[in-house]
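Here is the structure we will look at, set down as structure tokens.
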Protein chains: 2
Amino acid sequence: MSSVVAINQRARTAEQKAQRRNAVLEAAETYFLEVGYEAFSMSNLAKNIGIAKGTLYLYFETREEIFLTLYEQSLVRWSDIFIDDLRETMTSQVYARKLLTAAAADGTFLPLLIRLEHLIEHNVALPRLIQSKQVFIARVEKIAKVTASSLELSEAQATEVVKTMGVLLIGATQGDQGPALDEEDLPQEVQDLIASFSSKPLFIKNAVRIIEGIRMETAFSI
Amino acid sequence: MSSVVAINQRARTAEQKAQRRNAVLEAAETYFLEVGYEAFSMSNLAKNIGIAKGTLYLYFETREEIFLTLYEQSLVRWSDIFIDDLRETMTSQVYARKLLTAAAADGTFLPLLIRLEHLIEHNVALPRLIQSKQVFIARVEKIAKVTASSLELSEAQATEVVKTMGVLLIGATQGDQGPALDEEDLPQEVQDLIASFSSKPLFIKNAVRIIEGIRMETAFSI
DNA sequence: CATATAGCTGACCGCTAGTCATTTCAAGGT
DNA sequence: ACCTTGAAATGACTAGCGGTCAGCTATATG
């Protein structure tokens, strides 16, 4: 007896409900990767899944709660991959490159990270928000542990590095979220500007500066 | 004879039209400071001004074009104040503090900067977007000039500093855009987390790391 | 087979950005 | 002083949004 809930069958047990919720999340992520944050509509999501719009609201209180959940999942997914990359010691540059590569490879993580605080968190119930922050805290700690050995830093330094990398990641990848522009239509100086904000070198160079800065500060202050 | 266009009088000359456009912008900024980006609606803006919604669209093509214009204005306003602060040489820490203080004092600048690339730029006609980028380029150059003498850097280093400060500013002030949370309702560890992302120390510490990093790199490479 | 429970539905609400046929105003020519 | 004319202003309208909830119906249980 399969406990999989077919479409248009009702989810009655807790397990079935969890499955349906996951099915919604999966469909939501696929749909999100197609159309992006702003064009993502609850009606279309429901149509894609083949359920009524109201049903979505049995599983998520708001559109933003879906995004918050997708964000959490992508945070865990990304950080697991990144953590796996940090088994050996490495230079801060390699560290930064691995971090960015793993983040950019996940189509969900960065677009949601960028919208987290000013959009997503504003329409989610407080307990859910707190829960999400706790997931975040746990992840930071987990990443900091491997960062400490990978970069040969103290745990406190590593925690500072990880938090700061998050901040830098948001700023440095901002340019990737701009509209797709046909280069032909742009004056040379604007093309140059856009090129100079290319997220990869921007992130890596400044990550190195920050990590080495953190390394030096504590070396002197001891 | 005053050339001021009273409400409900028609703007016929180019000058009168420019005046009306400015009046719309002023009202838009006041309204934006009241309700923020997401709650800002064109109908309410029109009501506030006492004109019909359609009239707004004679002066701006889209809601986002209004925001782009307010962003440009706030960029110029902020940078003029910041530039004025940079008449003497100073440490990178003082530099960073002055930069952030001027930015945070302007209620318009940071919220629009944060939304610029992933929201505002996506609904503005290309020529207007190019124009805005050119304003940005000119501002970066102007700030870089005074930065070079203020921090005793080369022009190339100063340009790198200015661009990077923009990136860091976006990342570091992200937390200020989260929902207003009543501290009492939060578990201690979440309160600590939020405190650890306080934008002011976050920005200043990392600005110093980056500026000193840039200073050292070129010192060695010469 | 009847009943009660609860998952599911979709019409509906109040709102949004943006459009455009129509109205209105006022300057310029006579 | 009046008329013509062009453009500024209008606001009803469209299509679509997130979210709600009274009513429908599938299904587990007695």
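Between the side chains of A:Ser199 and A:Asp176, at least one donor-acceptor pair of N or O atoms lies under 3.5 Å. Checked by atom type, the side-chain pair B:Glu26/B:Asn22 shows no donor-acceptor distance below 3.5 Å.
In this model, the phosphate group of C:dG18 is approached by a side-chain N or O of B:Asn123 to a distance below 4.0 Å at OP1 or OP2. Considering only side-chain N and O atoms, A:Arg12 lies nowhere under 4.0 angstrom from the phosphate OP1 or OP2 of C:dT5.
Side-chain atoms of B:Lys17 stay outside donor-acceptor range of the base of D:dA8, with no qualifying N/O pair under 3.5 Å.
Between B:Tyr95 and B:Phe82, the angle of the ring planes goes over 60°, which puts this pair in the perpendicular group of the 30/60° scheme. Note on ring orientation: taking the six-membered ring where Trp is involved, the planes of A:Phe67 and A:Phe32 are perpendicular (angle over 60°, cut-offs 30° and 60°).
Within residues 55-65 of chain A, the residues approaching DNA chain C are A:Thr55, A:Leu58, A:Tyr59, by heavy-atom distance under 4.0 Å.
A ring pair (Phe, Tyr, Trp, His ring centres under 6.0 Å) check over residues 122-145 of chain A, counting only residues at least two apart or in different chains, returns nothing.
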Should A:Leu193 and A:Glu189 be marked as a side-chain contact (heavy atoms from CB on, under 4.5 Å) after you check the CA-CA gap, both sets of side-chain angles, and the distance that decides it? CA-CA 6 Å; A:Leu193 178 77; A:Glu189 76 268 22; over 6 Å; no

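The side chain of A:Ser43 approaches D:dG18 more closely than any other nucleotide in the set C:dG10, D:dG18, C:dT16. Checked against D:dT10, D:dA12, D:dG18, the side chain of B:Lys53 finds its nearest nucleotide in D:dA12.
A 4.5 Å side-chain heavy-atom check between B:Val190 and B:Leu181 finds every atom pair outside the cut-off.
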A correct dot-bracket answer for DNA chain D, with pairs being Watson-Crick or G-U at under 3.5 Å, [ ] for crossing pairs and | for inter-strand pairs, is ||||||||||||||||||||||||||||||

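For A:Lys163, the NZ atom counts as densely surrounded, since its 6.0 Å shell holds more than 12 non-hydrogen atoms of other residues, nucleotides or ligands.
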